[in-house]
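Numbers here simply count residues along the sequence, with the first being 1. Values reported hereafter were calculated over all heavy atoms of this structure, with side chains retained and with hydrogens, waters and symmetry mates removed.
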Amino acid sequence: MKLLCTSLAALAIASAAPAAAQNAAPAAATADAAYPMTPQGAADWVAMVENEMGDFGVEYARVSWVNSTYITPDTDALAAKYGAQATEMSVRYANEAAKYAQVQGLDADVARKLDILRNGIVMPAPVRDGAATELNEIATSLNSQYGKGKGTLDGQEISGSDIEAEMGNLERTPEEYAEMWTSWHDNVGAPMRDDYLRMTAIANEGAKELGFADLGAMWRSNYDMDPDQFAAETERMWQEVKPLYMALHTYVRSKLNEKYGDAVQPATGPIRADLLGNMWAQEWGNIYPLVAPAGAGDIGYDLTELIEQKGLDEIQMVRTGEQFFSSLGFAPLPGTFWERSQFVKPRDREVVCHASAWDVDNVDDLRIKMCIKKNADDFVTIHHELGHNYYQRAYNKQDYLYLNGANDGFHEAIGDMVALSITPEYLVQIDMLQPNQVPGTDKDIGLLLRQAMDKVAFLPFGLMVDRYRWGLFDGSIPAGELNKGWNDLRLEYQGIVPPVARDETKFDAGAKYHVPGNVPYTRYFLARILQFQFFKAACDQAGWDGPLHRCSFYGNEEVGKNLNAMLEMGASKPWPDALEAFTGERQMSGEAMVEYFAPLKAWLDEQNAGKTEGW
């Protein structure tokens with residue numbers, strides 16, 4: 001779920017085209033004369049940059065919004081133009097920031113902002129003529145191609161949002177799943193292959209000009225620690241939670257084998273990717289009915305059915321999400337949110353349906369962009385996206401360069417933490433479930449298994465998407481093995497394989513939005529870890545006495561006050577300071593997640609006795 005952060009550093013990738021690159025040299029020369037290489041000169045230069053970026057960022061955000069919600073050749077061209085200008089501006093300022101960073105005696109705040117400017121570009125163009133234009137033309141084209149992507153079902157064309165829903169339809173056959181999976185990957189991913197390689201080659205060149213070993217090292221430099229140290233930290237967290245994933249994989253594989261037989265899903269080895277209820281096998285919740293154990297598996301209610309029974313329309317679903325934050329003491333969303341958001345897919349035009357949250361003016365022009373369907377998944381997604389919006393508003397008084405999360409995983413985790421609170425107790429509190437419908441403790445395994453099918457299943461995918469790109473950027477995955485590298489990592493981390501043979505005419509990674517959309521993905525892995533750390537802290541503060549997975553802090557304004565204290569810091573302090581402000585801890589850890597799912601892990605181990613783990 002992509003967050004659109006309107007700080008220019010983050011905006012500088014999604015779009016592209018005719019740039020004002022020729023203006024770079026005169027502007028830089030002027031900057032050198034007006035802002036000497038002194039501590040005061042550096043401070044004055046940073047203030048000028050924040051002014052310029054702030055003004056341009058708002059205009060660019062509006063153009064990007066129109067392009068995402070009304071895809072035409074004209075809006076593509078506008079987005080391309082502004083994207084190129086944004087890239088040129090960001091790269092120029094990143095290069096200048098690297099020079100000012102060498103000045104002795106810098107104010108700590110100025111030094112932090114210089115680091116953000118240097119590290120914060122996702123896809124930097126080199127300074128040579130035409131590079132920003134080419135980079136952004138390709139980026140805009142890929143974004144547009146993805147938004148218009150189609151697959152097939154029974155030979156009939158089907159849109160991206162519809163094919164996602166059908167992949168989770170348990171009435172479909174393995175042959176239909178394979179058709180949808182293959183057609184989406186062939187139609188969307190494969191045509192992007194050459195353009196993607198060209199785009200990343202340009203960005204890699206830009207990263208090296210900024211002094212990084214490669215683009216992957218640049219991405220990893222954005223976490224208040226050494227790039228290699230950050231990679232090691234993510235691996236440490238993965239090892240903390242990996243036993244939980246391995247137990248879930250073994251159990252789910254055995255259930256799929258029972259359902260489909262050895263010819264479709266063998267009892268040992270990897271799982272066939274298209275059988276897991278999701279186009280990318282990143283979350284498995286859609287197949288919960290297939291793996292739900294007798295008795296314990298029935299949680300007593302279906303959230304999609306509750307939405308239908310309550311008669312909630314798409315906007316009322318969003319109102320329910322707003323109500324959660326209001327219960328914590330947060331101010332209501334502005335009226336413009338309801339006027340300007342895209343809640344449903346328009347019938348008259350192509351749009352990017354991928355859910356995202358926006359603060360267009362960096363003050364209070366909050367919006368979400370979704371193609372909401374009245375189901376449980378989108379009810380949860382709404383809570384998640386609103387988490388972004390409330391975070392954006394909490395830090396809107398920070399300086400421009402601090403208008404972001406403490407790290408990008410924080411932004412993703414906030415909404416997910418709230419979504420974890422969509423427990424039976426919460427559903428009773430908002431009058432969607434009757435007290436006598438709350439499942440008893442005998443249903444806990446079902447509740448936890450349903451959660452794990454999304455939260456735990458996602459962990460290795462969340463980690464490997466960027467590990468794949470880091471490998472492309474540093475050359476350890478050769479361009480000639482673009483597809484093999486992706487599927488090798490899918491097997492290594494997730495233990496899954498494609499339903500059909502794949503070769504190097506394909507680009508299966510391109511069928512996942514965040515790859516052609518150039519959205520770094522480790523943030524989602526961090527979010528899966530952090531949300532449980534945040535959730536446990538909130539439940540502890542609320543005085544919750546009971547199993548962690550049943551906690552709801554709905555209505556607790558003390559939790560809201562403490563949460564806001566962290567959110568309003570934005571990116572103004574290193575992330576360990578923000579983490580400590582809410583949780584009292586300075587290290588991201590998977591321990592809270594392990595605690596949350598401990599009863600399930602014990603149960604899975606019993607079910608898996610005698611079965612072969614791994615692949």
K.L.:
Okay, side chain of Glu504, backbone of Leu482: is any donor-acceptor separation there less than 3.5 Å?
P.N.:
yes
K.L.:
Run the numbers on Met53 and Leu117 for side chain to side chain contact (heavy atoms under 4.5 Å, CB included), then give the verdict.
P.N.:
CA-CA 11 Å; Met53 282 187 155; Leu117 283 166; 3.8 Å; yes
K.L.:
Give the C-alpha distance, both sets of side-chain angles, the deciding distance and a yes or no for side chain to side chain contact (heavy atoms under 4.5 Å, CB included) between Leu78 and Val66.
P.N.:
CA-CA 9 Å; Leu78 283 170; Val66 172; over 6 Å; no
K.L.:
Could you tell me whether the side chain of Tyr196 reaches within less than 4.5 Å of the side chain of Leu472, counting heavy atoms only?
P.N.:
yes
K.L.:
Is the shortest heavy-atom distance from the side chain of Met569 to the side chain of Phe410 under 4.5 Å?
P.N.:
no
K.L.:
Using 0.5 Å steps for rounding, measure from the OH atom of Tyr60 to the CH2 atom of Trp65.
P.N.:
15.0 Å
K.L.:
With heavy-atom distances below 4.5 Å as the criterion, would you say the side chains of Met218 and Lys208 are in contact?
P.N.:
no
K.L.:
Starting at OG1 of Thr140, measure out to CD1 of Ile71 and round the result to the nearest 0.5 Å.
P.N.:
11.0 Å
K.L.:
Identify the two heavy atoms, one from Ala207 and one from Pro124, that lie closest to each other, and give their separation to 0.1 Å.
P.N.:
N-CG, 3.6 Å
K.L.:
In Å, rounded to the nearest 0.5 Å, how long is the span from CG of Leu244 to NZ of Lys455?
P.N.:
13.5 Å
K.L.:
Treating Glu50 as the side-chain partner and Tyr400 as the backbone partner, does any N or O pair qualify as donor plus acceptor under 3.5 Å?
P.N.:
yes
K.L.:
Answer yes if the side chains of Glu233 and Gln229 hold a donor-acceptor pair under 3.5 Å, and no otherwise.
P.N.:
no
K.L.:
Minimum heavy-atom separation for Leu579 and Gln533, please, with both atom names.
P.N.:
CD2-NE2, 4.0 Å
K.L.:
For Glu585, is the CD atom crowded, meaning more than 12 foreign heavy atoms sit under 6.0 Å from it?
P.N.:
yes
K.L.:
Does Tyr521 have its ring centroid less than 6.0 Å away from the ring centroid of Trp470?
P.N.:
no
K.L.:
Would you tell me whether Asn67 and Asp76 have side-chain atoms, one donor and one acceptor, within less than 3.5 Å of each other?
P.N.:
yes
K.L.:
I need the minimum non-hydrogen distance between Tyr245 and Val456, along with the two atoms involved.
P.N.:
CD1-O, 3.5 Å
K.L.:
Taking the side chain from Asp224 and the backbone from Trp575, do they hold a donor-acceptor pair closer than 3.5 Å?
P.N.:
yes
K.L.:
If only side-chain N and O atoms count, and only distance matters, is there a donor-acceptor pair under 3.5 Å linking Glu137 with Ser141?
P.N.:
no
K.L.:
Could you tell me whether a side-chain N or O of Gln145 sits under 3.5 Å from a main-chain N or O of Val188, the two making a donor and an acceptor?
P.N.:
no
K.L.:
What I want to find out is whether Asp361 reaches Arg367 closely enough, with some N-O distance under 4.0 Å, to be called a salt bridge.
P.N.:
no
K.L.:
Is there a donor-acceptor contact under 3.5 Å from the side chain of Asn389 to the main chain of Trp358?
P.N.:
yes
K.L.:
At their closest point, which heavy atom of Val352 faces which heavy atom of Asn143, and how far apart are they?
P.N.:
CG2-ND2, 4.3 Å
K.L.:
Taking CD in Gln104 as the centre, count heavy atoms belonging to other residues, nucleotides or ligands within less than 6.0 Å. Is the count above 12?
P.N.:
no
K.L.:
Taking the basic N atoms (NZ, or NE/NH1/NH2) and the acidic carboxylate oxygens, is any pair closer than 4.0 Å for Arg198 and Glu134?
P.N.:
yes
K.L.:
State, without any angle test, whether Asn396 and Gln392 hold a side-chain donor-acceptor pair at a distance under 3.5 Å.
P.N.:
no
K.L.:
I'd like to check Arg393 versus Leu567 (side-chain heavy atoms, cut-off strictly below 4.5 Å). Are they in contact?
P.N.:
no
K.L.:
Counting distance only, does the side-chain N/O of Arg490 pair as donor-acceptor with the main-chain N or O of Trp280 below 3.5 Å?
P.N.:
yes
K.L.:
Which pairs with one or both residues in residues 209-220 pass side chain to side chain donor-acceptor pair (under 3.5 Å), sequence neighbours excluded?
P.N.:
none
K.L.:
Is the closest side-chain heavy-atom distance between Arg128 and Ile202 below 4.5 Å?
P.N.:
yes
K.L.:
Against the six-membered ring of Phe212, is Arg118 placed for a cation-pi contact (under 6.0 Å from the centre, within 45° of the normal)?
P.N.:
yes
K.L.:
Hey, what do you get for CG (Asp454) to CG (Leu459), rounding to the nearest 0.5 Å?
P.N.:
11.0 Å
K.L.:
Show your reasoning for whether side chain to side chain contact (heavy atoms under 4.5 Å, CB included) applies to Phe337 and Leu386.
P.N.:
CA-CA 11 Å; Phe337 173 88; Leu386 291 182; 3.7 Å; yes
K.L.:
Tell me whether Arg112 contacts the main-chain N or O of Tyr402 through its side chain, where contact means a donor paired with an acceptor under 3.5 Å.
P.N.:
no
K.L.:
When rounded to the nearest 0.5 angstrom, what is the spacing between CD in Glu568 and CG in Leu563?
P.N.:
10.0 Å
K.L.:
Taking only residues at least two apart or on different chains, which pairs with a member in residues 107-133 satisfy ring-ring contact (aromatic ring centres under 6.0 Å, His included)?
P.N.:
none
K.L.:
What I'd like to find out is whether the side chain of Met566 reaches to under 4.5 Å of the side chain of Ile414, using heavy atoms alone.
P.N.:
yes
K.L.:
Within the 3.5 Å criterion, strictly below it, is a donor on Ser476 or Asp474 matched to an acceptor on the partner's side chain?
P.N.:
yes
K.L.:
Under 4.0 Å between a side-chain nitrogen and a carboxylate oxygen: does that hold for Arg528 and Asp416?
P.N.:
yes
K.L.:
Start with the C-alpha distance between Met588 and Tyr223, add both sets of side-chain angles, then the distance that settles side chain to side chain contact (heavy atoms under 4.5 Å, CB included), and finish with yes or no.
P.N.:
CA-CA 12 Å; Met588 294 182 285; Tyr223 292 92; 5.7 Å; no
K.L.:
Closest heavy-atom contact between Gln239 and Pro243?
P.N.:
O-CD, 3.5 Å
K.L.:
Can a donor-acceptor pair be found, under 3.5 Å and without considering hydrogens, that links the side chain of Gln494 to the backbone of Ala281?
P.N.:
yes
K.L.:
Can you say whether the rings of Tyr391 and His411 are parallel (under 30°), tilted (30 to 60°) or perpendicular (over 60°)?
P.N.:
tilted
K.L.:
Verify the distance criterion only: is there a donor paired with an acceptor across the side chains of Asp408 and Tyr524 at less than 3.5 Å?
P.N.:
no
K.L.:
Establish, yes or no, whether a centroid distance under 6.0 Å links the rings of Trp45 and Tyr100.
P.N.:
yes
K.L.:
Anything under 30° is parallel, anything over 60° is perpendicular, the rest tilted; go ahead and classify Phe532 against Tyr596.
P.N.:
perpendicular
K.L.:
Would you say the side-chain atoms of Asn204 pair up with the backbone N or O of Leu215, donor to acceptor, closer than 3.5 Å?
P.N.:
yes
K.L.:
Once you round to the nearest 0.5 Å, how far does CD1 of Ile477 lie from CZ of Arg467?
P.N.:
11.5 Å
K.L.:
Ignoring hydrogens and geometry, is there a side-chain-to-backbone donor-acceptor pair from Glu240 to Gly590 under 3.5 Å?
P.N.:
yes
K.L.:
Between Thr234 and Asp466, is there a side-chain heavy-atom distance shorter than 4.5 Å?
P.N.:
no
K.L.:
With a 4.5 Å cut-off on side-chain heavy atoms, are Ile368 and His388 touching?
P.N.:
no
K.L.:
Taking the basic N atoms (NZ, or NE/NH1/NH2) and the acidic carboxylate oxygens, is any pair closer than 4.0 Å for Lys369 and Glu385?
P.N.:
no
K.L.:
Looking only at non-hydrogen atoms, find the nearest pair between Ala571 and Gly405 and report the distance.
P.N.:
CB-O, 3.5 Å
